[in-house]
Amino acid sequence: MIRFDNVRKVYPQGTREVAALDGLTMEVGKGEFLAVMGPSGSGKSTFLHLSGGLDLPTSGSVSIEGSATSTLTDDALTLLRRRRIGFVFQFFNLIPTLRVIENVSLPLLLDGKRQGDARPRAEALLDRLGLGHRKEHFPDELSGGEMQRTAVARALVIDPAIVLADEPTGNLDSATGRGILELLKEVAEKEGRTVVMVTHDPAAAAWGTRTVRLRDGKLDGGAP
Amino acid sequence: MRALKALLRYFSLRHSIRHPLRVALGAAAIALGVALYVSVDAANSTVARSFERSMSDLAGKAELQVTTAGGLGVDAAALEKIRDLPGVIASPIVQRSLSLNDLKDGSLLVLGIDFGRDAPIRMYTFDTGGADAKEFVTAAFVPNSIIVTKRFAEKNGLARGSKVRTDTPRGRATLVVTGLMENEGPAKALGGNFAVMPLHAAQSLFGIPRRFDRIEVAPDGIDVAELRKRVKAALGDGYDVKRLSRKSTTVEVALARMKSMVVISAIALVVGLFIIYNSVSISVVERTHDIGILRSIGAGRRSILATVVLEWTGVGLLGSAGGVVAGWALSRALVDMVPKSANMLTFAVKVEAVEFSPRGAAIAIAAGTLAAALAALIPGIGAMRITPIDLLRQGTYTYRAAPAYLKTFGVGAFMIAAAAAALYFGEAAFHPTVHLALTTVSFFAIALCGPQATIWVARATRPLLRKFFRIEGYLAADNVSKFPQRTALTVVAFGGAIAVMVASATLVRSMKTASERWMRDAFPFDLSVNATDLSQAIYSTASYGEDVLEKVRKVEGVEAAYGVRAAFLPFDGLEIMLIAVDTDEYFAMHRARGGESSVRKFDTPEFRSAFMAGECIVVSENFARLLGLSPGDPVELPTPQGPRSFTMRASMEDYSWPAGSVLMDRGAYKRIWGDPSITYTDIRVVPGTSIELVRPRVAVALKDTSTVFLYDVPQLQKVGQDAMDQALALAHVQVVIALVIGFLGIVNTLLISVLRRTREIGLLRAVGTTRAQIRRGVIIESVFIAVMGSAVGIAAGLVGAAWPMRLYILRMAGFWFPFTVPWDSIGVAVGAGAVLGVIASIVPARRAAGLNVLDAIGYE
């Protein structure tokens, strides 16, 4: 589903360059729930960004569903994100001026769906995630868990093949975090989607079907 | 399309609702520019159309007019030649503007007509009071009768049988209202201030026996070309047969003044463009986070660009629509102003209501909307370039256009130098439009230089500000240099407003200084006896007989007097002013007055002899410039005997008429044009005699001859000054609007500055900066921007705007006003700049000082 071949990603930092990923080669299979761990600066986030086509490798190749991201145009990458990939962020990243239902239905509207089609789908998903009673609220009226469940709903509303989650429980208390992890597990196991989750927390990583550790842009302990 | 709709609905509209002030400022800036354009356009087309309609109502079915080239009308022989031609309807006309001083609204255009000949051309509907038409005409068309419109009668409380008094070249006359016209056909012209009288009565009253001003000709079953052919063939040489004029030089001049305001509305739109640019830039920065989210969930780059541009295009459209409404209101004021200005020159325009110009409104809305769209384009491209990665690295992204300020400074400086060189060396070659375009280019070039210049100035003044205003001054200068682009744009926007103010003041001052000097120079007399009330019309050619001059010369205390005949001559599609003077007395009076009179430069016995023989003339400097004449060149003037060549002997400074004037001997004029009447008589009193003693004596001597108006030199200077003030009143409107826009620009920038620094202000407050210090910092920043703007504006106003506008006047009227720097106005500009700076800072300073520390620190 996602394949990294000898991927190197270098960022300028002041006058020098820092390699966030340094010759990484690995693969994420379909329906897999992969947990990515590692200390700060190990390249976890960069791995996630490249997996979602948010960024491109400096060298090497990243393939998503068989397409090398470096060969895709910006429009094609945008379309890929819009239709095949759902993102869940640590700080939720909901649009504060939009109600919950609007935040969730937005990806469908961006894909050209009619309001009449997008809204019922978003409502169904919110009901499923226990947010049916909050759909007309604004993000700042929700608890942290509710905000993150809204973010998950937004990621799932497009029926993605891949869900990428960056520290999805990092900003939540443990009980609420557990609810989100259960949800991600269900998404992978029951719906057959590929889930890649970056986390610091070993307890969270334990929910994954596989865990990899990154250190200095490489797999800690060699190839998985 | 649906994606774009969703973005506009959820991304743009929500944001705009949350920031109404910013949206309102952008919209207001555009609205002002649009309002200015719409008002000028509406007033312009209203006045022009009103004039055309009046001309059309007056013309009736007439298509051609016959005159003699001399401008003094046609004789009865011409009528004999054409009146019985097949397919030709000819009607002789005597036309005069009368001022019936006893009435409330007594300006009246009178046509002397032969009713039998004129009826097929103009459809008069008389109120016959029950009599049949023939009886009515027989009774009404008697000597000393006048038939007025019902509207004029109602306005002035007249009825059949009422008597009205008027002054004519033959003295005072009483006319009897013998009939009324329904407000139809020609009676609709000039708001009903129209009358007819019998042709022979008009000829007698106005002192032109057996002559007409023109013969109007209408076709009867033939086309106009054929009509013209037949009339020309019948008349032979010596007559002008041309299309009935529906234009007037005087109205064109009045309209041209107003049209110059369009330039200012363009500058206003450019300033509005800067304000929107600033607003969009900051709204993009504020929404970086949201744009990042949208990009990560699949919003395309082009959709983001389209959203930002469409959002502000919408604001532009809204502002433009508001501007059309505001412009509509403003046009009413302008419409009141322009006819007054036009009618000071000639009685021709009567505006009843402002006419809506859909074309003008559409152009203004399109221009306002386009300006907003253009302003949003560059920040929109910036928004388009925001990658989701920028979102994920929160707080690190700040929107900046190319930071190569030094490079853009170089480009700007080059553009300014090129524009200046083109203006300087190409002065004569370029059309005024090119000059205006170069000025606009310079304006943008200054904007390009702005950011780097701002950095330099801020750095240079930082120690000074720190010394005088301590930490607040330092922070203000630091902030200015941190965001040089934003500051520079505001400086340029405000500078534009000040430039308009300074340019306008420079022009006004130059014109006033020159015309005041000219009036001092051109008036060698003490008292002037006029046939017209100059507070009503300064260019009236109303006249009286030579007996007035003779009587004046005999008044005790009058040392010398000369008569002047002022008339308008058709010349090269324009009307030039012919001023005929009694040579000996005129030049003697100039010599007796002494001083550096420009007239004395060519006053020699040989010149006077040739002048009185009618061989040579003197022309105004603007006439010489417009025609490229030098002394010795021949000037061909139309005379009743056909074109006649005069030698131009000299030119003299004369600002009295935009199309130029010609000075000749009155004796020669009388011989050639056969017109002995006098427009005004200038008197020099016996040295040592009080003017106030002589004035009543003159009035008494003339009381039974004619109504005259007496003016001493200061009064005449005041009349000239008032006329100029009237014409320049529009300039003041421009200045006020420009300043309001510049002011909005500063408020906008400061609000943005405070918003951008919310976190910084919070931190400053957290480490002990007081609210008062924060407030002072914002005020200092504001005044800093205003003072820099004033400096840019003064330089640009003196060089960039006044220069081309001066050239524009030179091209239009040939007037070359010596450049006068209005130092006092510049002082006012600097003071106004600083005061506006302080006022503009009030709301932003309050907002900054009122921030909650914790909220501010948490602000992203």
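Each chain gets a letter, A, B and so on, in the order its sequence line appears, and its residues count up from 1. Computed from a predicted structure; not experimentally measured.
- Interface remark: B:I297 contributes backbone and side-chain atoms alike to the contact with chain A (heavy atom separation under 4.5 Å).
- Neither the backbone nor the side chain of A:R83 comes within less than 4.5 Å of any heavy atom in chain B.
- Between chain B and the residues A:L79, A:T78, A:L94, the largest count of heavy-atom pairs under 4.5 Å involves A:T78.
- Atom CG in B:L4 sits 12.5 Å away from atom CG in A:L109 (nearest 0.5 Å).
- For the atom pair CD of A:Q115 and NZ of B:K5, the computed distance is 8.5 Å after rounding to the nearest 0.5 Å.
- The side-chain heavy atoms of A:I95 and B:L294, taken from C-beta on, include a pair separated by under 4.5 Å.
- Annotation for A:D74 and B:R301: closest pair OD2-NE, 2.7 Å, computed over non-hydrogen atoms.
- With contacts defined as side-chain heavy-atom distances shorter than 4.5 Å, the pair B:D290/A:P96 qualifies.
- Ranked by heavy-atom pairs under 4.5 Å with chain B, the first of A:N103, A:L77, A:D111, A:L106 is A:L106.
- Both the backbone and the side chain of B:R295 come within contact range of chain A, judged by heavy atoms closer than 4.5 Å.
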